[in-house]
Amino acid sequence: MKKTIQILTSLCFIFLSTVQAQQADWKAGVARMVITPKQHMAMAGFAVRTHPSEGKLHDLWAKALALQDASGKKVVLVTSDLLGLPKAVSDQIRDRIQSKYGITRDQIILNSSHTHSGPVLQNALSDIYLLDAAQLEQVKQYSRALEDYIVKLVGDALGKMEPAEVYAQNGVTRFQVNRRNNPVATLTKVTELQGPNDFAVPVLKVLNKKGELKAITFGYACHPTVLEIYQWSGDYAGFAQLELEKAHPGATAMFFQGAGADQNPLPRHTIPLAKQYGRELAAAVDRVLEEDMRKLPAAITTAYSEVNLPMAPLPSKEELSKISQTAPVAYQKRWAERILSKLQNGEQLSRLYPYPVQVWTLGGLPLVSLGGELTIEYSIKIKQMLGQDAFVLGYCNDVMTYIPSCSILQEGGYEGDAARMVYGLPAKWDATIETKILTEVIAQCEKAGALKIVK
């Protein structure tokens, strides 16, 4: 009898251990949706375009990866072949996701690849696009439909969750070039590239319990600006996703943009080059997939805040009037006229902007997502704090303008000054911007427990 009880006790222990192991698994769900406009419409990213789109090289996609840890906590990463979601669109999407699925902002990342071959969105870079009433209505209708698409997409991913394993690793590829330090006109004569870079290719691999590849989530810090033609495409990032999905049938490949604001793919301007860079990036990801990747335990922590970033003093009415009359570029004149009109009408322009700072840990892996067109020095400095394995994403949750480092802000140029006119902000950033962002990153890392892994 005693022996029988011992055997039954052992069996119960084994059973309970098995159940606990199964409960400790990740759950993952993946969904995808075509977001290519159904009609010809204005294309985003380049002020030099003069007419609507003329077809597509390949479809534009929004894709979602939902993860759930052993405690039942969920997060959702949404990637999209778009220039960037403005605050009004992003806020509406995240509010609807929270209302419908109970997932709060700290659990949602909306990342845009920043392709310059996607559609114009409402309330984004308005001063650089010369659109008539009919085109503006198209943009409005597409933006509203996009909100519906992404909310449904998240629901689809959550509804498809199943037991899974999650792995992470960084690869490398080197077609990004720091555009501030390497003039395009003399690039062919250069034997040594200048300026800071981060060539990392962060990869997240998701397998189902059969060992089948379910999702490949990967990133790179480089502008998708190879192409400036009139056909929809995800640029090099779109071609990379196509290559990976062709090599791994049944898997969904998801690209997220890193801190690529001051990094360009060079040379550029041809479809074959876009395909080449796509193949190079896909090859870097494939190499990582074939190696022994770090298996992540099923544990998630999240933190999110919006820190008020100050701008420099606003230009005076006299300065704006002068810019509107003498600026060499048309969009700068339109920007000055619009800001001047607001001031003359007595509108109060805020010098503070609510900037999104977000930190996840996935099985101890720190993932930092920041808004705006993030320059590369932020990635370098965040990795110095959190370790080189950390994932750093820009273009997340709100793309309001460029986010220059302190050095770029002092140097000026497009990324440090003129870009705020493109995006419509009334003034450039205050000199404290880098300190405030990195301080908030540290605060959110502490909240999410991400700093505990730093040795």
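Between the CZ atom in Phe199 and the OG1 atom in Thr173 there is a gap of 9.5 Å [rounded to 0.5 Å].
Taking a cutoff of 4.0 Å between a charged side-chain nitrogen and a carboxylate oxygen, Arg334 and Glu337 do not qualify as a salt bridge. Ion pairing between Lys87 and Asp91 holds under the 4.0 Å rule for side-chain N and carboxylate O.
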Which donor-acceptor pairs under 3.5 Å do side chains of residues 78-85 form with protein atoms, sequence neighbours excluded?
residue : atom : partner : partner atom : Å
Ser80   : OG   : Asn111  : O            : 3.2
Asp81   : OD2  : Trp61   : N            : 2.8

Please output the side-chain donor-acceptor pairs of residues 415-425 that fall under 3.5 Å, not counting sequence neighbours, one pair per line with the distance.
residue : atom : partner : partner atom : Å
Glu415  : OE1  : Arg180  : NH1          : 2.7
Glu415  : OE2  : Arg179  : NE           : 2.7
Glu415  : OE2  : Arg179  : NH2          : 3.1
Asp417  : OD1  : Arg420  : NE           : 3.1
Asp417  : OD1  : Arg420  : NH2          : 3.1
Arg420  : NE   : Asp417  : O            : 3.3
Tyr423  : OH   : Glu373  : OE2          : 2.4

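Listed for the Tyr402 side chain is no donor-acceptor partner under 3.5 Å among the backbone atoms of Thr375. At least one donor-acceptor pair closer than 3.5 Å links the side chain of Ser350 to the backbone N or O of Leu352. The backbone N or O of Leu227 lies less than 3.5 Å from a partner atom in the side chain of Asp235, making a donor-acceptor pair. Not a single donor-acceptor pair under 3.5 Å links the side chain of Asp198 to the backbone N or O of Ile376.
Here ring-ring contact (aromatic ring centres under 6.0 Å, His included) pairs that include residues 92-115, with residues two or more places apart or in two chains, are His114-His116, His114-His223, His114-Tyr395.
Residues Val75 and Leu77 form no side-chain contact, since every pair of their non-hydrogen atoms from C-beta on lies 4.5 Å or further apart. Residues Pro366 and Val359 form no side-chain contact, since every pair of their non-hydrogen atoms from C-beta on lies 4.5 Å or further apart. Inter-residue side-chain proximity for Pro119 and Leu60 is flagged as met; some heavy-atom pair is nearer than 4.5 Å. A 4.5 Å side-chain heavy-atom check between Lys381 and Val441 finds every atom pair outside the cut-off. Side-chain contact between Glu245 and Thr252 is present, with heavy atoms from C-beta onward closer than 4.5 Å. Counting heavy atoms from C-beta on, the side chains of Pro404 and Glu411 never come closer than 4.5 Å. Taking 4.5 Å as the limit, some side-chain heavy atom of Arg94 sits within range of a side-chain heavy atom of Asn397.
Closest non-hydrogen pair, Gln98 versus Arg105, comes out as OE1-N, 4.5 Å. Taking each heavy atom of Val172 and Ala284 in turn, the nearest pair found is O-CB, 3.4 Å. Shortest non-hydrogen contact noted between Met293 and Val203 is CE-O, 3.8 Å.
Between Phe218 and Phe256, the distance from one ring center to the other does not fall under 6.0 angstrom.
With a 6.0 Å radius and a threshold of 12 heavy atoms from other residues, nucleotides or ligands, Lys275 has its NZ atom at or below the threshold.
Each of Lys295, Arg294, Lys210 was compared with Glu165 under the salt bridge (Lys or Arg N to Asp or Glu O under 4.0 Å) criterion, and only Lys295 meets it.
Using a 30° and 60° split on the angle between ring planes, Tyr236 and Tyr220 fall in the perpendicular class, above 60°.
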